[in-house]
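Here's the structure, in structure tokens; my notes come after.
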Number of protein chains: 2
Amino acid sequence: MNASDTQQRHELKVDLVAVVTAVIDGDPRALTIRRGSALPAGPFELGHRSLQAGLRDWVEQQTGHPLGYIEQLYTFADRDRIAEEHARRAISISYLGLTRDEWSASQPPRDWQSWYSYFPWEDHRAGVPSIIGDAILPHLKRWTEEVGGTAREERRQRIAIAFGIDERPWNEELVLQRYELLYEAALVEEALRGRGEERTPPVPGRPMIADHRRILATGIARLRTKIKYRPVVFELMPPVFTLLQLQRAVEALAGRLVHKQNFRRLIEQQELVEETGETTFETGGRPAKLFRFRPAVLMERTAAGTKLSVPRA
Amino acid sequence: MNASDTQQRHELKVDLVAVVTAVIDGDPRALTIRRGSALPAGPFELGHRSLQAGLRDWVEQQTGHPLGYIEQLYTFADRDRIAEEHARRAISISYLGLTRDEWSASQPPRDWQSWYSYFPWEDHRAGVPSIIGDAILPHLKRWTEEVGGTAREERRQRIAIAFGIDERPWNEELVLQRYELLYEAALVEEALRGRGEERTPPVPGRPMIADHRRILATGIARLRTKIKYRPVVFELMPPVFTLLQLQRAVEALAGRLVHKQNFRRLIEQQELVEETGETTFETGGRPAKLFRFRPAVLMERTAAGTKLSVPRA
DNA sequence: CTCCTTATGCTCAAAATAAGCATATGCTCG
DNA sequence: CGAGCATATGCTTATTTTGAGCATAAGGAG
């Protein structure tokens, strides 16, 4: 019964999946294909020099978008979720990519979709979204009541932590935990698949094929964690920008507002940016100084300990 | 020339590799096979229910050690490093496991090897190891001089950050960066393989087969990062312990000493532990109170934000 | 009984955070 | 053209978190 006894020929399909993010018009967006229903992805093949190279190939081929910074996210084996009786096993290696939207008139427009069309409960910039109180929590409450004893208490605990109830603060990093909860409670479309249940999912938010929405959640969570201790916003910003633009980008990613003055102080004391000497009038109001990232910082992205925290609102 | 044109049959071998860690006799150790030359590992097979399940199978089979807490580390494709002309591609999915050494007389003893026999430069508990100044830095300096211009400056920078020179503090988390530097500079045995070079590596530290030492470095780095923001030491501690024992475990992992009083304050204010009411005399000196982890904390390991920082010495 | 060892409580200064107040400088509209 | 509005930016204050050290307690060994 041991796995090593089953000396079958392994035929493992390995897929590469990309969560490519940019901030466009103040919204954090993911690069998608098929009108938002899937992330760029394709099999890892013998012709690929490396996992990263394979991923870049696929993304560029499917979306026309060249990748800059990428980092590995997570490797999933298709979960029990998916009906897979004699299906070949598939493994998905996912990556997080950060870019800007480089468009030109000669290229077809890319398919950038707002994160928050998939996860409407994640955007707290204009306060706590009403779906949380209106739809999510009531359904989750019912879900806790399906079981008894310690199991119920455990569900309650998980919900309280994930959604910040009972005095608990909202923790924007728990994107994946929240999605997994909704999945377990069968409140999202993906969880209803293959069960023969055709009812519309009780919680709003666009689904994706296979596990892609879960992978996107993983990417968002990673990015929200990472901006706090490593200067990765760079990759998302144009060469020059104002401090407010930088702040808006961080807020878009974190899904929450930050204290303006403290944000500025933080940026300055971290010595992440330097003034270009120019100012811009385009922002309306008093003209804003323009900044660029300091070259040293760009270099240190491999190692150093620069951080860019997201203070509370 | 595009990868998708090469419609070959993909035959990808997927291996599971485990970095299993315990703290034994005050030393952080990794579970190995073949007398320390390899980490437990084996192919992911159709019989395995999941990646994790497959990993557990292999580790248990090869070492007799049952796994508790595990988390995914990283997925590697065999790098260009390894000569692989028409070799089948292999992918290694690595995991980090945390346990205690559960031994019984009826079982053969496990092969636990100290981290620091592979990475002697990583243990700063008794001060900066002399190999850094005696062997590593001189060789690295020579390596910077192999190139000129900005490339040289870049190498210098990387070294300065990784090893904490020029006023920079030692950052214990940069385990992987340090190993990669030594690899690139061809100072470790693994880098000399397949080059026909038989000379002994200039820097001490035990090698492992294939990429295993790199995977171990990845695991150490992850654990050193993680103890700072999530209470994972638990998994490594016995059910009851004194605060000094807990501190020694953290120090073993971090490879550096911490301020005793501050460490205690931190533990207490985090409410990670509770007194058992007992004390032990076994420590010599004044008897120490015994503690256990609070059950709530054990539950929260999925989500919450408890941290256990490693203050400077 | 003294010294040595470990445990534990408490204080103090420095640094980092969170929140506000105040002022500067442009634009738009009546 | 002046009022009101919007954005930018400087500075202050209270609180919390860290880093470091002093002092005392409680056992054992000689």
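Here is the naming used below: chain letters follow the sequence lines, and residue numbers restart at 1 for every chain. For the numbers below, each heavy atom of this structure counts, side chains included, while hydrogens, waters and symmetry mates do not. Quantities reported herein were computed from a predicted structural model and do not represent experimental measurements.
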task = Taking the six-membered ring for Trp and the single ring otherwise, decide whether the centroids of B:F293 and B:F241 are under 6.0 Å apart.
result = yes
ask   = Would you call the rings of A:W170 and A:H124 parallel, tilted or perpendicular if under 30° counts as parallel and over 60° as perpendicular?
value = parallel
query = Starting at the 5' end of DNA chain D, which residue's closest nucleotide do you reach first, A:Q245 or B:Q261?
reply = A:Q245
ask   = Are side-chain N/O atoms of B:Q72 and B:Y95 paired as donor and acceptor at under 3.5 Å?
value = yes
query = Using 30° and 60° as the class limits, which term best fits the ring planes of B:W112 and B:H65: parallel, tilted or perpendicular?
reply = perpendicular
request  = Could you tell me the separation between the CG atom of A:L246 and the P atom of D:dT7, rounded to a whole number of Å?
outcome  = 17 Å
message = What's the closest nucleotide to the side chain of A:N262 if the choices are D:dA20, C:dA19, D:dA8?
response = C:dA19
ask   = Are B:E173 and B:K228 within salt-bridge range, i.e. N to O under 4.0 Å?
value = yes
inquiry  = Once hydrogens and angles are ignored, does a donor-acceptor distance under 3.5 Å link the base of D:dG19 to the side chain of B:R265?
reply    = yes
request  = Go through D:dT9, C:dA18, C:dG26 for me and flag the one nearest to the A:R264 side chain.
outcome  = D:dT9
message = Just the rounded figure in Å: distance from P of D:dA20 to CG of B:L257.
response = 13 Å
request  = Quickly work out the A:H259 NE2 to D:dT9 C1' distance and round it to whole Å.
outcome  = 12 Å
query = Using a cut-off of less than 4.0 Å, is there contact between a side-chain N or O of B:R286 and OP1 or OP2 of D:dA25?
reply = no
query = How close or far is atom P of D:dG19 from atom CD of B:Q269, stated in whole angstroms?
reply = 12 Å
request  = Look at the side-chain N and O atoms of B:K260 and state whether any lies under 4.0 Å from the OP1 or OP2 oxygen of C:dA7.
outcome  = yes
Integer-rounded Å distance: C:dG9 C1' and B:I267 CD1 = 17 Å
task = Calculate the interatomic distance between B:F263 atom CZ and C:dT6 atom P; express it in whole Å.
result = 17 Å
ask   = Just to confirm, is there a sub-4.0 Å distance from OP1 or OP2 of C:dG9 to any side-chain nitrogen or oxygen of B:K289?
value = yes
ask   = Contact class for A:L243 vs. all strands (heavy atom < 4.0 Å): base, sugar-phosphate, or nothing?
value = nothing
request  = Could you check how far CD of A:E268 sits from P of D:dA8, rounded to whole Å?
outcome  = 13 Å
key: Spacing between B:E275 atom CD and C:dA7 atom C1', to the nearest angstrom   = 12 Å
